[in-house]
Each structure stands twice: as structure tokens, then as C-alpha cells.
There are 2 protein chains.
Amino acid sequence: MDWRDLPSLNALKAFCVLADCGSYTRAGAILNVTHAAVQQQVKALESHIGLRLVERSGRKLALTSDGQQLARDLEPAFWQISQGVRTLMQASRRQPLRVTMSPVFAVKWLMPRLSDFQARYPDVTLLLNPSGRKLDLEKDDMDIALRYARRDALPDGAEFLVSLDLAVVGTPELIASAPTKRPADLQDLPWLEELGTNEVADWFERHGVDVSASLTVTQMPGNLIMEAVMRSDGLTYTACQWVEEALRENRLQALFVEPQIGGFYVHCRAGEPRSAARQFIAWLQEQAG
Amino acid sequence: MDWRDLPSLNALKAFCVLADCGSYTRAGAILNVTHAAVQQQVKALESHIGLRLVERSGRKLALTSDGQQLARDLEPAFWQISQGVRTLMQASRRQPLRVTMSPVFAVKWLMPRLSDFQARYPDVTLLLNPSGRKLDLEKDDMDIALRYARRDALPDGAEFLVSLDLAVVGTPELIASAPTKRPADLQDLPWLEELGTNEVADWFERHGVDVSASLTVTQMPGNLIMEAVMRSDGLTYTACQWVEEALRENRLQALFVEPQIGGFYVHCRAGEPRSAARQFIAWLQEQAG
DNA sequence: CGCAAATGTAAGATTATCTAACATATGGAT
DNA sequence: ATCCATATGTTAGATAATCTTACATTTGCG
């Protein structure tokens, strides 16, 4: 295959359209360019090949016999290319964009805004996967992940989205039931944390408290924790933003607030080519910023 | 046919070559560009289609199933295009370049230089047609004409080549046989001119001589004229350059020399696309200049 | 482990391509 | 016939696509 002295493929395309419709002006309209562009392309093609392909007779154009022969070869070839590309593009459009995130982020931040996205990009189908488990983009076949991280530990390639103030949260009653001046004071109170995580012990460690001593931590599914906290079953460590309303109404209190210590970032699978992914990420950033 | 959202054909070409050879670096070499160019084109194509087409596993590349499907469509299409173009280009190369000119120009100017052209462009076949008749480029199917014109009457689109000094020419014997001070003196001498032309009468008219009175003009084929002039059969009107040697050796004399009054120009058929034509014309200009 | 040989990325340079503006040509309407 | 609407043809300069350069990253091999 002699790829090197192939003429400009755009010129071939222009000629093929011209052959189809028999007019520079109309061919230009079809290709969304001016007649002059088509005419220059065709001229360049004639010059590359070394034969006249088009002839003028009056106001009409006609292909020379060489031009007709070339058009006979080009038309099916371009048709085949067009079909092949179209098939893949349709397949691509049918695939929804798969997004994974923690359930609390889905409920508190993403879902309330989602109707705006769907109004602006009605063609994009989102497939949300709220999951406590941190899914792997490649292995679990996800396109985009929205995850929590501390500010100082953003993974590579992540784009920061929403800043969060983390704090220890409990009912005023529970907090009043014991001293809460220093972090160490809290180790005698009951704690609740998400199944499979180690947030509470980490928190004490970061605050210089040795928790090798007794520490009552009950693990439960994330969606049940706030209910239990509200019943004064224990303290938990969470973002003030997720319990904003309860804090405002004094149904909950926040202790040892760490402002903007971390937040949610967006992570996109490497090399994701779909424009829908770019659109969704840009929309997330707009909503966040 | 949806010509408008076809992806960049160059990107498709790059992908097709990549699919062929399985390496950005090699594909770049084949297309005579860097690996980075290929890789950007393929990435742009993935982004246009919205699907990944290529995957890296270690140092090797592999097409995704979508990529394989696309390559299956593209390869025969590009092959067909390539064949169609190649066929026409070969046909074009086989056609010789048809050049018409006056016989004297062929003999005195072109032929002596022709071996230089053929040495430099051995691929170009010239078909020379020396002809007294002024052929029509279109009707007589000629590509290039080399013709005489006065400087002040160059036809449109003509490129001037060689400047000529025109003069009345005759043997010293003939010229000595009568007064030759003023143009009018010459009207009593015998004249020779090319068949079918009117050069002599025109010359007298330009010099303000009324030749409605007797004027002896013998018309004959151009190639016989100089022989007859040498035999003192008459005067003729010609370019000093064509009889340079005879003038130098005083076998002929020139009267009323009009320096640089006209010359030969080259005229190419409108829209001639062959590079051979451009090469020949450039060579003519170089030889002339 | 360090090197060689790939791929990946981004900024800036280079080309190809297009537009705008005007000239020319043609066929039909007045 | 002459004018006008509608084509094509041509060019300089603007715009956009494409490529290169230079560097980073990844991977397999000795």
C-alpha cells in the first residue's frame, strides 16, 4: 500500500462530493465550506494526478472520463468508511456513562443537581452506581469515580470538586453527657462508623490519642449511621455539609471541626474518549465552583 | 451520505496504518511523520467516535474490538482509493506532452537545447509538432504552443520567452543592386514570404510605404525561404537570430533592424494539470533567461 | 538496576485549508 | 440586445489542522 503518494484525502472527498452533486456551489454547501474551497481542492487533485477530472460546458460541470472513473472508485470507498464510522459512533452513543460514588455524595450533592445536567445534556445517559466500596475504574468497568480524599492526599490525575469540613458529630444530649473539651475526652463515648472502614481510630490517632485502650465502635451500613446518631446511639465522623440542616436546627452538634480538610474529587478512566465524559466533568466542576 | 460528521480522513488514514503495522513509531515512518503525529491523530479519532480503538499492553499495542472492526472497514476502502488514484496517475504519466511551434523556432532554438531537457527530465516524453499553421490548443489537442508575437501584442496568458531582432534580410549582392536607404526603396526588389502570411505588406505599411503599387512577393514554404534568399532570389523579413551565422560571415545583410520588437512566447492550455508541463515551461524560461 | 526502545503529552511552528472579495462567464428575462 | 441572477475562477490573507520538538513516562531486557 503506497500511503505516501496518496493525494490529500480531503481533496478526494471534495471531488467525490462534486461528482455526486455536479456543482461546486452545492458541493460546498454539502461540505459546509465555500465553493472556492471545493474548487481549489479539486484543482489540487487534478494537479496531483496530472489529469483533468472536471470540465466546464457553459454553466454546467461534467466529469471527464478519467474523473468518472475515479468517482466510481471513490464513492463506494467513502461510503464504506462512512458506514464503518457511523456504526461505531452509534454504538458509542448507546453506551451510558457509568459513574460511581459514595452513597452520601450521591444523595446530598449529586442527585439534587442532576436534573440540571439532564436538562442540559438530554442525550447523555448516566448510570449512577452509589457504592460504599471503592470500585476500580478498570476492573469494575466504570468511567468516572467521585470519591473522598484528604486535601493532602489527592490521587494522581484527580480533579478536586467540593471542599468539605469534617467534624465529630453527635446529638447535644449525648455530647452533654460527658466532657468533650479534648479529643481524648471522646474515647469513652460510643462511636458509629461505616462498615469496613477505620475512620474513628484514624481520627483519634491524628489527634494524638492512644486508643489501644477501650473504644466502643459500632460498624454499620452508611445509610443507617445518621439515623442512629440522631437517636443518640453514638458519635460519628462526617462532613458538616452532610448534616447542615440538623446542625442549624441544633438537633446535632459538631466538635473539633476541621475546615476544608478534604473533599470529593472526580477521577476519569485514563484515555476515556467520549465527549459525554468531558461534558459531565465540566458540568461537575461548574456546579462545584 | 453524511459527509459532514465524517471524522478527519487523515486521522482515519493514520489509524489504518497503525492497524496495519501495530506501532506508532513504525506507522509514523510509513507516513513520513513522527510517532507523536500518529498518536495524536488516533487519539483525536477515538475522541470523535467516542470509543477506545487502541490499547496498550506493555510495550505492545493492540486494537480493541471496536478498533478491529473499524480497521476491517477502512483497509479495503483505502486500498480501493489508492488503486483508483494510482491507475489514473499511471495513465497520466504515459501521456506525452504535446508541444507545437513554428519550424524555425524548433530548428534554431529548441532542438539544440532539447538534449539538456531530456537529460534532466528523462521521465517526460515530449511530442514536438513543428508546424507553420498556428494550431489551436484545444481543437488540435496540443498542450503547449511556442509562438511568435510582437512585444506589444502578446496574447493573454502568454509567457514571453525569447526576444528577437527582426530585420529585412538579403544577400549583399541583391542589396547592392539597388538603393536601400529608405524602406520605400525596397519595394522594387523581389520579396519572399511564408505561405499564407502577409508579413511583407505589413512591414511596408508599418514603415509608412504605400504598396498599392507594384510589389513582387513570392510565397513559399518557410523551410525553403532561406535557401532562396541565399541564392539572391529576394529579400525576406525574419529574425536576425535565425541567420546569425550568415550575417557574421557577410553572406547576408540585415536592413532596418528592429531590435527586440517581438519574440517567442509560451502558451499552455488552460487548466493543464500535469507537472511535466510546469517542468517544461520552467525549463524553457530558464533556457531563455 | 540502568539502559534502550517504545508510548504519551504539550507548546509552538508549520502547512493545509478556508474565506472574502472580486473577476469572469452564461443563460434566461425583459 | 441588454440586464440580471447565478454560476465558476482566482487571489491574498486569515484560520484551523497538523506536525515537530522536547521532554516525561512506561516497559522489557541484559
Side-chain angles (χ1 to χ4, degrees), chain A residues 3-19 21-48 52-64 67 138 155-157 159 268-273 278, chain B residues 3-19 21-48 52-64 67 138 155-157 268-273:
Chain A
W3 293 103
R4 300 178 72 140
D5 55 338
L6 213 59
S8 151
L9 290 168
N10 288 327
L12 289 167
K13 178 173 72 172
F15 171 73
C16 196
V17 174
L18 179 68
C21 72
S23 145
Y24 286 114
T25 308
R26 248 170 302 155
I30 289 172
L31 291 168
N32 210 21
V33 296
T34 58
H35 72 97
V38 178
Q39 125 86 8
Q40 284 172 108
Q41 291 281 32
V42 171
K43 197 171 168 184
L45 179 61
E46 284 182 330
S47 161
H48 179 101
R52 306 214 48 186
L53 302 171
V54 178
E55 261 175 347
R56 249 184 92 175
S57 67
R59 185 148 50 176
K60 291 227 158 57
L61 294 180
L63 299 187
T64 64
E138 305 293 339
D156 210 52
E159 294 255 23
C268 184
R269 177 151 53 174
E272 168 63 49
R278 288 193 301 279
Chain B
W3 292 104
R4 301 179 68 139
D5 54 339
L6 214 60
S8 150
L9 289 167
N10 288 327
L12 289 168
K13 178 173 72 172
F15 171 73
C16 198
V17 175
L18 179 69
C21 73
S23 143
Y24 286 114
T25 308
R26 248 171 301 156
I30 290 171
L31 291 168
N32 210 22
V33 296
T34 58
H35 72 98
V38 178
Q39 120 94 0
Q40 285 171 106
Q41 291 281 33
V42 171
K43 197 170 167 186
L45 179 61
E46 285 183 329
S47 160
H48 179 100
R52 306 214 50 185
L53 302 171
V54 179
E55 260 174 349
R56 249 185 91 174
S57 66
R59 186 149 50 173
K60 290 229 156 59
L61 294 180
L63 300 187
T64 64
E138 304 294 338
D156 210 53
C268 184
R269 176 153 53 174
E272 168 63 50

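We name chains A, B, ... by the order of the sequence lines, and we start the count at 1 in each one. Atom set for the values below is all heavy atoms of this structure, side chains included, hydrogens, waters and symmetry mates excluded.
- Near DNA chain D, defined here as any heavy-atom distance below 4.0 Å, the residues from residues 5-16 of chain B are B:S8, B:N10, listed numerically.
- Where A:N32 and A:S57 each meet DNA chain C at their nearest nucleotide, the meeting point lying more 5' is that of A:N32.
- Atoms OG1 and CD1, on B:T25 and B:I30 in that order, are 11.0 Å from each other to the nearest 0.5 Å.
- Remark: P of C:dC18 and CZ of B:R4 are 13 Å apart, rounded to the nearest angstrom.
- Contacts of B:E55 classified as side chain to side chain donor-acceptor pair (under 3.5 Å), with partners at least two apart in sequence or in another chain: none.
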Distances under 3.5 Å between nitrogen or oxygen atoms of protein and nucleotides 8-14 of chain C:
| residue | atom | partner | partner atom | Å |
| --- | --- | --- | --- | --- |
| C:dG8 | OP2 | B:Q39 | OE1 | 3.3 |
| C:dT9 | OP2 | B:K43 | NZ | 3.1 |

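- Evaluation of the side chain to side chain donor-acceptor pair (under 3.5 Å) test over residues 3-12 of chain A, restricted to residues two or more places apart or in two chains, returns A:R4-B:N32.
- We find the CZ-CZ distance between A:R269 and B:R52 to be 8.0 Å, quoted to the nearest 0.5 Å.
- Taking the screw axis at each terminus of the helix from C:dC1-D:dG30 to C:dT30-D:dA1 from five consecutive base pairs, the angle between the two is 20° to within rounding of 10 degrees.
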Just list the side-chain donor-acceptor pairs under 3.5 Å for residues 34-47 of chain B, sequence neighbours left out, or say none.
| residue | atom | partner | partner atom | Å |
| --- | --- | --- | --- | --- |
| B:T34 | OG1 | B:A37 | N | 3.4 |
| B:Q40 | NE2 | B:A36 | O | 3.2 |
| B:E46 | OE2 | B:L53 | N | 2.7 |
| B:E46 | OE2 | B:V54 | N | 3.1 |

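- Considering every non-hydrogen atom in both B:L31 and B:K13, the closest pair reads CD2-CE, 4.1 Å.
- Contact footprint of chain B on DNA chain D: nucleotides with an atom under 4.0 Å from a non-hydrogen protein atom, first to last in 5' to 3' order, D:dT18 to D:dG28.
- By the side-chain contact (heavy atoms from CB on, under 4.5 Å) test, A:R26 pairs with A:C21, A:S23, sequence neighbours left out.
- When all heavy atoms are compared, the tightest approach of A:P7 to A:L12 is CG-CD1, 4.0 Å.
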